[in-house]
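Written out below as structure tokens is the structure these notes cover.
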Amino acid sequence: MPHTVGAADLLGFAAATTEAHGVPPADARLLADTLVTAELWGHPSHGMLRLPWYLGRLASGATTAVAAPEVLTDSGAVLVVDGCDGLGQVLTDRAVTWGVQRARRHGISAVAVRDSGHFGTAAYFTRKAAEQGCVALLATNASPAMAPWGGREKRIGTNPWSIAAPGGRYGTVVMDIANTAVARGKIYHAKERGEPIPDGWAADADGVPTTDPCHAIEGLILPMAGHKGYAISFMFDVLAGVLTGSAFGSAVVGPYRPTGRSGVGHLLICVDIRSMADPAEFEARMETLIEETKSTPTAPGTTEIFVPGEPEIRTAERLRTEGITLVDDTWASLAAIAHATAVPLPTPVPASQELPA
């Protein structure tokens, strides 16, 4: 049966077990927060089911527990950093700090990180930059998941990307998408639930469409929007992999593999709004855009129009009260981690009990 736990308890568990693998406390808490935040946003595909993956790579030495990035080139607005196989979340969080600082100084900045690891949810990081007065674009590459258009062997990653901007009184507007029909984590999540996946998500190893998540994991994830998704994903590998000097194409290793150098690359571009417009005027214009969009007459069956990032915030508000529900397979993985690290599992909340606000 599913297990429901409070977000704070889940964060404490993830942080403590990560710290038990030699990660400094602040970095361990950051990794944990990215996972719990994904759960709160309603994206369990990027949540706690990934904790065993990250810890497995730390245990094998594929990921370095103490991130020690090295600056390779620094031309002011452009910074190139070697991640030296550190945790992707930690390296990307530092990239946000560097990117915002340099955008404030130069108007725009680009931070390239090579030889990093998977960083989880891209929106977690672009939101941080937007909250500091920037419009931010973050691109990354990933291990092969889709075939080139017309092919039947996976060579191209999902290569997700995110753009975020301040939205005035509406908070942060943010999009975060993979270039496949679905993020690979959603297929893993369906496998853990023992449920089929929808038509159009994936094909098996022979290129035949499938609704079996196990066959999909061994096979291909289909691109979004047909050939357009493939082309976008290819070009983001140019930005995040080739340009940064990191691995690209079939050389990238995914987080679900406990061994092998990841070689993931990231490219963060930050634009300081003050370099182009008065921030107050920008936010007023954003509010106008949001209001115009949300006032669109709704189609049958739709009660409200949402702007990008809004559903996640609504979901987080609800789950902070209701708790985060984990499926049996995820809970069993956490129980194994608890046993190995001697960190107690969070105590599930009874279904009838509401968490304190």
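Treat the numbers as computed from the prediction; the structure is a model and nothing was measured. FYI, side chains are in, hydrogens and waters are out, and symmetry mates aren't considered; it's all heavy atoms of this structure.
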Original post:
Does a side chain donor of either Tyr54 or His21 reach within less than 3.5 Å of an acceptor in the other side chain?
Top reply: no
Subject >> Check ion pair Arg127-Glu131 (N to O, under 4.0 angstrom) >> reply: no
**OP:** Assess whether atom CZ of Phe248 is packed by more than 12 heavy atoms of other residues, nucleotides or ligands within 6.0 Å.
**Re:** no
**OP:** Using a strict 4.0 Å threshold on nitrogen-to-oxygen distance, state whether Asp115 and Arg261 make a salt bridge.
**Re:** yes
**OP:** Take Asp85 and Arg57 through the salt bridge (Lys or Arg N to Asp or Glu O under 4.0 Å) test and state the conclusion after the steps.
**Re:** CA-CA 10 Å; Asp85 303 309; Arg57 291 185 59 78; over 6 Å; no
Original post:
Is the number of heavy atoms from other residues, nucleotides or ligands within 6.0 Å of NE2 (His3) greater than 12?
Top reply: yes
Original post:
Just one of Thr140, Asp176, Thr121, Thr126 clears the side-chain hydrogen bond (donor to acceptor under 3.5 Å, both in side chains) bar with Ser162, so which one?
Top reply: Thr126
**OP:** Without swapping roles, check the side chain of Thr293 against the backbone of Leu289 for a donor-acceptor pair under 3.5 Å.
**Re:** yes
Original post:
Would you call Glu287 and Arg285 a salt bridge, using N to O less than 4.0 angstrom?
Top reply: no
Original post:
What are the two closest non-hydrogen atoms of Ala216 and Ile197, and how far apart are they?
Top reply: CB-CD1, 3.8 Å
Subject >> Ion pair Lys294/Glu304, N-O distance below 4.0 Å >> reply: yes
**OP:** Would you check if there is a donor-acceptor pair between the side chains of Trp161 and Asn179 at a distance under 3.5 Å?
**Re:** yes
**OP:** Indicate whether the side chain of His266 and that of Ser116 have a donor and an acceptor atom separated by less than 3.5 Å.
**Re:** yes
Subject >> Ring geometry between Trp53 and Tyr256 (parallel below 30°, tilted from 30 to 60°, perpendicular above 60°) >> reply: perpendicular
Original post:
With a 3.5 Å cut-off and no angle check, do the side chains of Thr325 and Thr4 form a donor-acceptor pair?
Top reply: yes
Original post:
Is a donor on one side and an acceptor on the other found under 3.5 Å between the side chain of Arg29 and the backbone of Ala15?
Top reply: no
Original post:
Between the side chains of Tyr170 and Glu310, does any donor sit under 3.5 Å from an acceptor?
Top reply: no
**OP:** Report the C-alpha separation of Thr347 and Val5 in whole Å, then their side-chain angles, then the decisive distance to 0.1 Å, and conclude whether the side chain to side chain contact (heavy atoms under 4.5 Å, CB included) test is met.
**Re:** CA-CA 7 Å; Thr347 302; Val5 296; over 6 Å; no
Original post:
Between the side chains of Asn159 and Ser233, is a donor N or O closer than 3.5 angstrom to an acceptor N or O?
Top reply: yes
Subject >> Closest contact, heavy atoms only, Arg50 versus Pro255 >> reply: NH1-CG, 4.1 Å
Subject >> Test item: side-chain donor near acceptor, His118 and Gln89, under 3.5 Å >> reply: no
Subject >> side chain to side chain contact (heavy atoms under 4.5 Å, CB included) evaluation trace for Ile324 with Leu40 >> reply: CA-CA 7 Å; Ile324 294 168; Leu40 288 171; 4.0 Å; yes
**OP:** Using a strict 4.0 Å threshold on nitrogen-to-oxygen distance, state whether Lys128 and Asp93 make a salt bridge.
**Re:** yes
Original post:
Is the backbone of Val242 close enough, under 3.5 Å, to the side chain of Ser246 for a donor and an acceptor to pair up by distance?
Top reply: no
Original post:
Does the distance from a Lys or Arg side-chain N to an Asp or Glu carboxylate O, for Asp272 and Arg102, drop under 4.0 Å?
Top reply: no
